[in-house]
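All figures in this text were calculated on a predicted structure; none of them were measured in a lab. Keep in mind that the numbers below use all heavy atoms, side chains included, and drop hydrogens, waters and symmetry copies.
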Amino acid sequence: MRQSKSLDKAWQKGVLLELELLPALSLLLQMRLHQAISLQKNVVSVRSTKDAASRDAEVFDLPAIAQRIPLKRVRNVTSIIYLSAIAHQLATHFQQSRVVVAAQLAGVLSPLALNSTDVSTPLWHKLLSAVTVQATATGMIQCEVGDRAIATWLDWLIGQPLPSRSGRLLISEKERSLLLKSPAIFEVQYAHARCCSLLRLAQREAWITLAGLEASPTHWRIVQPPSIAWLLPTTSLCLEHPADRSLISHLFTAIDILADASPQRTHTTMLRSTQAVAQAFQLFHSAHPLGSNDCAAELLTARLGLLLATQRVLYLLLSQGLDLCPAIEL
């Protein structure tokens with residue numbers, strides 16, 4: 001058990017380090033589920049006899065299960081919803097139905113259950129408080145990312161220099177040769193270069209003021225206006241067009257994949273994710289060509305903020321996910 005606890009702490013530390021580098025919501029939700037399982041296990045142990053609790057501990061490796069917490073995105077391009085079937089795995093151990101276990105874990109994960117002693121930072125705490133957690137009738141745990149959470153996530157993404165990560169996905173020379181021959185590479189390089197050009201256009205037209213233009217795009221940031229009004233007075237996201245929602249959804253997916261250290265993350269999956277972001281950006285740009293500029297100033301600024309977020313994610317996908325040098329202009 002001592003070794004198991006050591007591995008558990010190492011896993012949590014690894015997740016926290018990754019979260020400092022990338023705003024991967026999937027990792028954060030897995031961490032919260034891990035904590036909820038720990039709390040629920042303690043409650044169950046208190047109810048059990050000492051012998052029963054000891055017997056459970058021998059056959060129930062909580063850290064191992066926590067590290068393999070199943071979490072997947074629902075296939076929906078306009079909503080951001082995660083589902084976990086972890087209650088199905090825990091039902092036998094807790095000697096309760098999976099629906100009851102899911103409801104108990106969802107109760108621990110609810111915003112009201114968050115507290116100041118949580119391992120997450122104030123930023124993550126703010127993000128989690130805007131995620132709606134509920135148990136489904138089939139014993140699944142559903143986490144829906146609300147508009148306030150999306151606004152917090154976008155602020156994080158464009159508010160600081162991009163991380164320089166050492167855990168990039170290295171590609172062999174043979175894989176690189178095949179990769180460079182793919183038409184998808186030009187498509188994603190073009191999308192990144194186009195994002196850079198549009199941001200420089202916005203600077204010239206004085207729609208926004210960017211700092212760090214003399215440096216790498218990893219350091220570009222919006223300094224005027226000092227903050228972006230992502231939300232309407234109704235607290236719904238002002239970026240309500242389907243193309244906007246689709247692009248945001250693909251950005252979430254891309255960051256989740258970048259933070260995934262499992263063998264399932266290959267250069268093929270990375271290229272597929274990068275191409276999906278590039279294509280979503282093209283649809284976004286077609287729906288809102290900057291030259292037309294026929295929208296309110298607040299909405300224009302929000303769209304430019306999303307444009308900067310897209311440029312940053314594409315840069316990360318190209319440099320860290322595909323081990324390529326992102327094109328700044330074509």
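- You'll find the side chain of Q142 stays beyond 4.5 Å of the side chain of V133, heavy atoms only.
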Notebook entry, point to check: Run the side-chain contact (heavy atoms from CB on, under 4.5 Å) check on W156 and L127 step by step: do they pass?
Noted result: CA-CA 10 Å; W156 190 100; L127 176 57; over 6 Å; no

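- A distance-only check finds a donor-acceptor pair linking the side chain of W220 to the backbone of G212 [under 3.5 Å].
- Going from atom CG of L317 over to atom CD of Q275 covers 12.0 Å, rounded to the nearest 0.5 Å.
- I222 is not listed as a side-chain neighbour of T301, based on a closest heavy-atom distance of 4.5 Å or more.
- No donor-acceptor pair closer than 3.5 Å links the side chain of S246 to the backbone N or O of P242.
- Looking only at side-chain heavy atoms (C-beta outward), L290 and L304 come within less than 4.5 Å of each other.
- Formation of a donor-acceptor pair under 3.5 Å by the H88 side chain with backbone atoms of T138 is found in this model.
- Hydrophobic clustering, with ILVMFWY side chains joined whenever heavy atoms are under 4.5 angstrom apart, keeps L33 apart from V99.
- A distance of 11.5 Å separates CZ of R221 from OG1 of T209, quoted to the nearest 0.5 Å.
- No side-chain donor-acceptor contact under 3.5 Å links D147 to the backbone of S236.
- The side-chain heavy atoms of Q224 and P226, taken from C-beta on, include a pair separated by under 4.5 Å.
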Margin query: Please determine whether side-chain contact (heavy atoms from CB on, under 4.5 Å) holds for the pair H192 and L318, giving the CA-CA distance in whole Å, both sets of side-chain angles, and the decisive distance to 0.1 Å.
Written below: CA-CA 9 Å; H192 179 264; L318 284 163; 4.0 Å; yes

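- In this structure, the side chains of Q203 and L213 come closer than 4.5 Å at one or more pairs of heavy atoms.
- Annotation for A24 and A259: closest pair CB-CB, 3.5 Å, computed over non-hydrogen atoms.
- The CG atom of L247 lies 9.5 Å from the OG atom of S249; values are rounded to the nearest 0.5 Å.
- Across all non-hydrogen atoms, the minimal contact from R73 to T253 is NH1-OG1, 2.9 Å.
- The only option from V313, L308, L314 that meets the side chain to side chain contact (heavy atoms under 4.5 Å, CB included) definition with Q311 turns out to be L308.
- Hydrophobic clustering, with ILVMFWY side chains joined whenever heavy atoms are under 4.5 angstrom apart, groups M140 together with I81.
- Between atom CZ of residue R98 and atom CG of residue L105 there is a gap of 14.5 Å, rounded to the nearest 0.5 Å.
- Of all non-hydrogen atoms in S286 and P289, the two that sit nearest each other are O-CD, 3.5 Å.
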Note to self: Determine whether I185 and L271 satisfy the following criterion, side-chain contact (heavy atoms from CB on, under 4.5 Å), listing intermediate values before the conclusion.
What the structure shows: CA-CA 8 Å; I185 291 298; L271 178 58; 3.8 Å; yes

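- Hydrophobic cluster membership is shared by L210 and L157, with clusters built from Ile, Leu, Val, Met, Phe, Trp and Tyr side chains linked at under 4.5 angstrom.
- Hydrophobic clustering (ILVMFWY, side-chain heavy atoms < 4.5 Å, transitive): L322 and I328 are in distinct clusters.
- Between S84 and I69, the shortest heavy-atom contact is OG-CG2, 3.9 Å.
- Using a 3.5 Å distance cut-off with no hydrogens or angles, the side chains of R245 and S79 do not pair a donor with an acceptor.
- Side chain of T152 to backbone of R148: a donor-acceptor contact under 3.5 angstrom is found.
- No path of Ile, Leu, Val, Met, Phe, Trp and Tyr side chains, each step under 4.5 Å between heavy atoms, connects V74 with L251, placing them in separate hydrophobic clusters.
- Within the 4.5 Å cutoff, side-chain heavy atoms of I208 are placed close to those of P225.
- Nearest heavy-atom pair, A309 versus L154, reported as atom, atom and distance to 0.1 Å: CB-CD2, 4.1 Å.
- Counting heavy atoms from C-beta outward, Q282 and E187 have side chains that stay 4.5 Å or more apart.
- Scored by the side-chain hydrogen bond (donor to acceptor under 3.5 Å, both in side chains) test, Y315 finds no partners at all (sequence neighbours excluded).
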Next item on the list: Applying side-chain contact (heavy atoms from CB on, under 4.5 Å), run through L232 and L237 and close with a yes or a no.
Entry: CA-CA 6 Å; L232 298 170; L237 203 66; over 6 Å; no

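- With rounding to the nearest 0.5 angstrom, the CG atom of L71 is 8.0 Å from the CG atom of L83.
- The nearest pair of heavy atoms linking F281 to C195 is CE1-SG, 3.7 Å.
- Using a 4.5 Å heavy-atom threshold, the side chains of R303 and F284 count as touching.
- Crowding of E205 atom CD: a count of heavy atoms from other residues, nucleotides or ligands under 6.0 Å exceeding 12.
- Among residue pairs with one or both ends in residues 233-252, those qualifying as ring pair (Phe, Tyr, Trp, His ring centres under 6.0 Å) are W153-F252, H241-H288; sequence neighbours excluded.
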Margin query: Using salt bridge (Lys or Arg N to Asp or Glu O under 4.0 Å), reason through K72 and D256 one step at a time and then give a plain yes or no.
Written below: CA-CA 10 Å; K72 65 177 182 178; D256 285 344; over 6 Å; no

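- The CG atom of L258 sits 7.0 Å away from the OG atom of S273 when rounded to the nearest 0.5 Å.
- For the pair Q189 (side chain) and C325 (backbone), a donor-acceptor distance under 3.5 Å is present.
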